[in-house]
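This report concerns only the one structure given below.
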Amino acid sequence: MVALGEYRAVREGQVLKLVIAGNQDEAVVVMKGEGAKKYKAVVESINNLVAIKRQIAQDKYENSLATFMTAQNVLIASCVGGIALSLLFGWLVARFMARNLGNVLVTAQALGGGNLSARSSVMTQDEIGTLANAFNQMGDALQKASGELQTMMQQAKAQAAEINGITDAIGKAQAVIEFNLDGTVQTANDNFLATLGYQLGEIKGQHHRMFCDSAYTSSSEYAAFWQKLNRGEFDAGVYRRIGKGGKDVWIQASYNPILDANGKVYKVVKFATDITAQKKAQAELEACMAEAQQSLGAMAQGDLTHAMAGTYQGELEKMKSSINAALTNLSSTIATVRDAVDGVSSGAEQITKGNEDLSQRTSEQASSVYTVIQYRAALAHHDVAEEIMKSCLWAIPLIVMLLGSFVPVCAADDEVITLTTEAVKDLSPYPGNGKRSTAYEQPEWTGRFWGADYRQHRKATVKLKAALDQARQTGAPKEAIVKLEEAVEAGESGYHKDARLRAQGALAHLCKGMAGTAPLVCKDEELVPKSGVILP
């Protein structure tokens, strides 16, 4: 049957494909529209077939009656004498044929009335039997087609119910709004209305531009956006939208063109999630990180007055408080260190003066005692300064964590400078061309090397290694560490003049930027190069 084939084509070729593609709403529309038409055509075809079969049966019935009347007339005309017998025989034949035709007619009427299980019981081999068999075959075909149709309808109902369930679940979890191709609103679910703060009556029939900034809606970008959707291309991303009362709303959304049965776009559905809170948190985080970077950058430049002043929430506010507390404590500690170092410098000057007096007046016991007292006082100041310098190290992990690089507040400690200074003094100012020292092979040169020999040079190299290890542990300036590494390498290779020059360069980097807090050795221009003469 053509109508039945067309109905199957609609169901399998369009409805099921749309359902599989996720276009459940369109599948329902096609099933209710074109599918219903094809189904109606199937029913009409069945009714027409029943009517045709009924007409055939009626015609055959009438032909049989005509044949019977003709035979009766012939019998009457040819055998007047056997009228009684002929009448009896004709009556028997007519009764038999009428009974079979009646059975066929009742079957046809039952099929036409929708009773597809009705069958004729005529089993004769004549025309009436053939007609009865044809009706029976037609009943079998109709019953099979009806069973298939019912199965298809049940499957379609189950699929429609599943589609409706999925659609309802999406509607409960996301904000959904539907637009015509011109951008006007068809409908929106409760989630969307709550997110933007509108009632459905306030937005239905209005254009999408009511949710956007006027500068954006008047741009070519906005026109291209709707042209893209009209071409059937979806668009997804993060969008800023304007809610009722002008409030900013940020959404993660996708605009999905919906196709009809002919493959043409007829509407656009948007699925969205409100991410306004996440967007605000991100903005607050970026602002906090920027301000923290400014404060820590100023700290790296020596400015400890650049505290964070922004207002933040939760953990960000705690981080701000920690950074400000670090700046305050570091400022206090550095001030204390500066005072202590000034005391050490003063004590060292007193020691120097006391030694001069002691050498001139060795016989005066009072001066000697006074000098010893000064020396012990200076040592006491030095011990206090050393403890305070060590206490500075508490701030290093915080600064490394937040800034990503070490700020050398207490990096160049006395021990590194002392070890490096001793190594510089132990290494001879080699007068040659910088090649390997031969002092230990030529004893006559020994006196020109400040009494240093090969063993003394090796001792200086050991001190440079110790200074390098200490510099790495305390976080000395990178340039100083590099120079110490070069000095160690030169000393181990026997190039002691190069080792001494590299060690002097390390001292220059260690003393650079220490200003008034620098040890006295940093002022000795024989040991430490002048400003601007730092080795490359």
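Hydrogens, waters and symmetry mates are skipped; everything else that's a heavy atom, side chains included, is used.
Here the closest heavy-atom approach between residue A503 and residue A487 is recorded as N-CB, 3.8 Å. Summarising the geometry of L510 relative to A476, their closest heavy-atom pair is CD2-CB, 3.9 Å, with the distance given to 0.1 Å. Nearest heavy atoms, A236 versus F234: CB-CE1, 3.8 Å. Residues K267 and L181 share a closest heavy-atom pair of N-CD2, 3.9 Å. Between I323 and L296, the shortest heavy-atom contact is CG2-CD2, 4.3 Å. Considering all non-hydrogen atoms of both residues, V265 and P257 come closest at CG1-CB, 3.9 Å.
A ring pair (Phe, Tyr, Trp, His ring centres under 6.0 Å) with Y239 is found for one member of Y255, W250, F211 and no other, namely Y255. When each of K463, H457, K459, R458 is checked for a side-chain hydrogen bond (donor to acceptor under 3.5 Å, both in side chains) with D426, only K463 meets the rule.
Within a 6.0 Å sphere centred on NZ of K228, other residues, nucleotides and ligands contribute more than 12 heavy atoms. Summarising the local packing, OH of Y216 is surrounded by more than 12 heavy atoms from other residues, nucleotides or ligands at distances under 6.0 Å. Counting heavy atoms of neighbouring residues, nucleotides and ligands inside a 6.0 Å radius, atom CG of D190 does not exceed 12 of them.
Counting heavy atoms from C-beta outward, H208 and V185 have side chains that stay 4.5 Å or more apart. For the pair L468/E485, a side-chain contact is recorded, criterion being any heavy-atom separation below 4.5 Å from C-beta on. Counting only heavy atoms from C-beta outward, the side chains of I242 and C212 never approach each other to under 4.5 Å. For the pair V238 and I251, the minimum side-chain heavy-atom distance is 4.5 Å or more. At least one side-chain heavy atom of L193 sits less than 4.5 Å from a side-chain heavy atom of L200. Here the side chains of V176 and F192 are not in contact, with every heavy-atom distance at 4.5 Å or above. Within the 4.5 Å cutoff, the side chain of D274 has heavy atoms near those of the V249 side chain.
A distance of 9.0 Å separates CE of M210 from NZ of K244, quoted to the nearest 0.5 Å. To the nearest 0.5 angstrom, I203 atom CD1 is 7.0 Å from L196 atom CG. Expressed to the nearest 0.5 Å, how far CG of L484 lies from CG of L464 amounts to 6.5 Å. Atom OG of S214 sits about 11.5 Å away from atom CZ of R209, to the nearest 0.5 Å. Note that CG of N191 is 9.5 Å distant from OG1 of T273, once rounded to the nearest 0.5 Å. Between the CG atom of N230 and the OH atom of Y266 there is a distance of 14.5 Å, given to the nearest 0.5 Å.
Ion pairing between E291 and K320 fails under the 4.0 Å rule for side-chain N and carboxylate O. Salt bridge absent: K270 and E178 never bring a charged side-chain N and a carboxylate O closer than 4.0 Å. No salt bridge links E422 with K425; every basic N to acidic carboxylate O contact stays at or beyond 4.0 Å.
When atom types are taken as modelled, the side chain of R500 and the backbone of V424 share a donor-acceptor pair closer than 3.5 angstrom. A donor-acceptor contact shorter than 3.5 Å is absent between the side chain of T184 and the backbone of H207. The backbone N or O of A490 sits nowhere less than 3.5 Å from a side-chain atom of S493 that would complete a donor-acceptor pair. Remark: the backbone N or O of A253 is not paired with any side-chain donor or acceptor of D235 at under 3.5 angstrom. Counting only distance, with no hydrogens or angles, the side chain of N256 and the backbone of V269 share a donor-acceptor pair below 3.5 Å. At least one donor-acceptor pair closer than 3.5 Å links the side chain of D260 to the backbone N or O of N262.
Under the side chain to side chain donor-acceptor pair (under 3.5 Å) criterion, Q199 pairs with no residue at all, not counting sequence neighbours.
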- Might you work through the side chain to side chain contact (heavy atoms under 4.5 Å, CB included) test for T421 and L507, ending with a clear yes or no? CA-CA 7 Å; T421 301; L507 276 177; 3.7 Å; yes
- Stepwise, does the side-chain hydrogen bond (donor to acceptor under 3.5 Å, both in side chains) test hold for N180 with Q186? CA-CA 6 Å; N180 294 315; Q186 287 185 358; 2.3 Å; yes
- Given the rule in the side chain to side chain contact (heavy atoms under 4.5 Å, CB included) test, do K465 and E492 qualify, once you have shown the distances and angles that lead to the verdict? CA-CA 10 Å; K465 286 184 178 180; E492 289 180 340; 2.5 Å; yes
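The closest side-chain donor-acceptor pair between E489 and Y495, if any, does not fall under 3.5 angstrom.
Under the 30°/60° scheme for interplanar angles, the aromatic rings of W226 and F179 are found to stand perpendicular.
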Show every donor-acceptor pair shorter than 3.5 Å between a side-chain atom in residues 277-290 and any protein atom, with sequence neighbours excluded, or say none if there are none.
residue	atom	partner	partner atom	Å
Q282	NE2	E286	OE2	3.3
E284	OE2	Q313	N	2.6

